[in-house]
Amino acid sequence: MAASGKLSILARQLSTSSVTAQLVKPPVQVFGLEGRYACALYSAASKTKALDAVEKDLKSLQVQLRNPKVRDLLINPTTKRNVKAAALKEVSAKVKLNAATGNLLSLLAENGRLGRLDGIINAYTLIMAAERGEVVCEVKTAKPLDDSQRKQLEAALKTLVKSNETIQLTAKVDPSLIGGMIVSIGDRYVDMSVASKIKKYTDIISAPI
């Protein structure tokens, strides 16, 4: 079966509406298996006008994923799929998750893909950011950015997006970078870290002549 056909079936399984199963195209393209699930979820949530409700559900679930017991339930291969599906259905009912979110969890459990949930949540977050005209940007540096550095960076990043878009900047610290930074903005990735330069020159030096 063609990929488009599979996605239509997935969207129909996720949707609780009787409207057409045709996919609603997201405002930004996301890739991989996680991206396909996120796009199908976006389509289902769009049809039921539940985009924000589903995003809220997923953010809560991502917090729950940090709990070792919850994470073990989701990724433990020895736990039967129907047990996972039943447990998630019960959780969905108790915390009053949106129907589209609950359907996604059940579908992932049945397909043995709950381990992909965190990636699906991240992909859906990217889609929703684009829906609001936001561009998600992550910057990793060896040391924390001060206010002046952050403002300068934000000003530089704004030149890379459209005038009607805003930057959603997340700054992370990774001492292994030594210096410089790694920037991910939308689907672009730039590695300007000292660590990558050292690796590059080390590879050149160690290469056979």
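Positions are given from 1, in the same order as the sequence printed here. These values consider heavy atoms only, across backbone and side chains, with no hydrogens, waters or symmetry-generated copies. A quick note: this is a predicted structure, and the numbers were derived from the prediction, not measured.
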Answer yes or no: is there a side-chain heavy-atom contact under 4.5 Å between [X] and [Y]?
X	Y	result
Pro27	Ile127	yes
Tyr37	Leu107	yes
Glu131	Leu51	yes
Thr166	Val135	no
Leu23	Cys39	no
Lys172	Val139	no
Ile120	Leu108	yes
Met128	Glu55	yes

For a quick test of reading the model, state the closest non-hydrogen atom pair linking [X] to [Y] and the distance between them.
X	Y	value
Lys197	Met192	CE-O, 4.5 Å
Lys25	Tyr42	O-CE2, 3.7 Å
Gly179	Ala142	N-CB, 3.8 Å
Gly180	Val194	N-CG2, 4.1 Å
Val54	Ala45	CG2-CB, 3.9 Å
Ile121	Leu58	CD1-O, 3.5 Å

message: Tell me whether the count of non-hydrogen atoms from other residues, nucleotides or ligands lying under 6.0 Å of CG in Asp203 goes above 12.
response: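 Atom CG in Asp203 is crowded, with more than 12 foreign heavy atoms closer than 6.0 Å.
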
Under 4.5 Å between side-chain heavy atoms, hopping through other hydrophobics if needed: is there a path connecting [X] to [Y]?
X	Y	result
Met181	Ile198	no
Ile182	Ile178	no
Val173	Leu177	no

- prompt: Between Leu157 and Val183, is a side chain to side chain contact (heavy atoms under 4.5 Å, CB included) present by the stated rule, with each step listed?
  reply: CA-CA 10 Å; Leu157 292 172; Val183 180; 4.0 Å; yes

Between [Y] and [X], is there a side-chain donor-acceptor contact under 3.5 Å, judged purely by atom types and distance?
X	Y	result
Ser196	Ser193	yes
Gln62	Asp118	yes
Tyr124	Glu34	no

query: Taking it one step at a time, do Leu61 and Leu105 satisfy side chain to side chain contact (heavy atoms under 4.5 Å, CB included)?
result: CA-CA 10 Å; Leu61 283 170; Leu105 295 178; 4.1 Å; yes

query: Can Arg150 and Asp146 be said to form a salt bridge (Lys or Arg N to Asp or Glu O under 4.0 Å), step by step?
result: CA-CA 6 Å; Arg150 189 181 180 97; Asp146 59 34; over 6 Å; no

Would you compute the distance between atom [atom1] of [X] and atom [atom2] of [Y] and round it to the nearest 0.5 angstrom?
X	Y	atom1	atom2	value
Lys199	Asp191	NZ	CG	10.5 Å
Glu154	Gln149	CD	CD	12.5 Å
Leu114	Ser106	CG	OG	9.0 Å

Answer yes or no: is there a donor N or O on one side and an acceptor on the other, between the side chain of [X] and the main chain of [Y], under 3.5 Å?
X	Y	answer
Arg113	Leu33	no
Glu165	Lys162	yes
Thr101	Leu97	no
Asp57	Asn98	yes
Thr159	Ala155	no

message: What verdict does the side chain to side chain contact (heavy atoms under 4.5 Å, CB included) test give for Glu138 and Lys140, after you've listed the backbone C-alpha separation in whole Å, the side-chain angles of each residue and the deciding distance to 0.1 Å?
response: CA-CA 7 Å; Glu138 180 181 276; Lys140 292 182 181 179; 3.2 Å; yes

message: Apply side chain to side chain contact (heavy atoms under 4.5 Å, CB included) to residues Leu160 and Ile167 and explain how you reach the verdict.
response: CA-CA 10 Å; Leu160 302 176; Ile167 294 287; over 6 Å; no

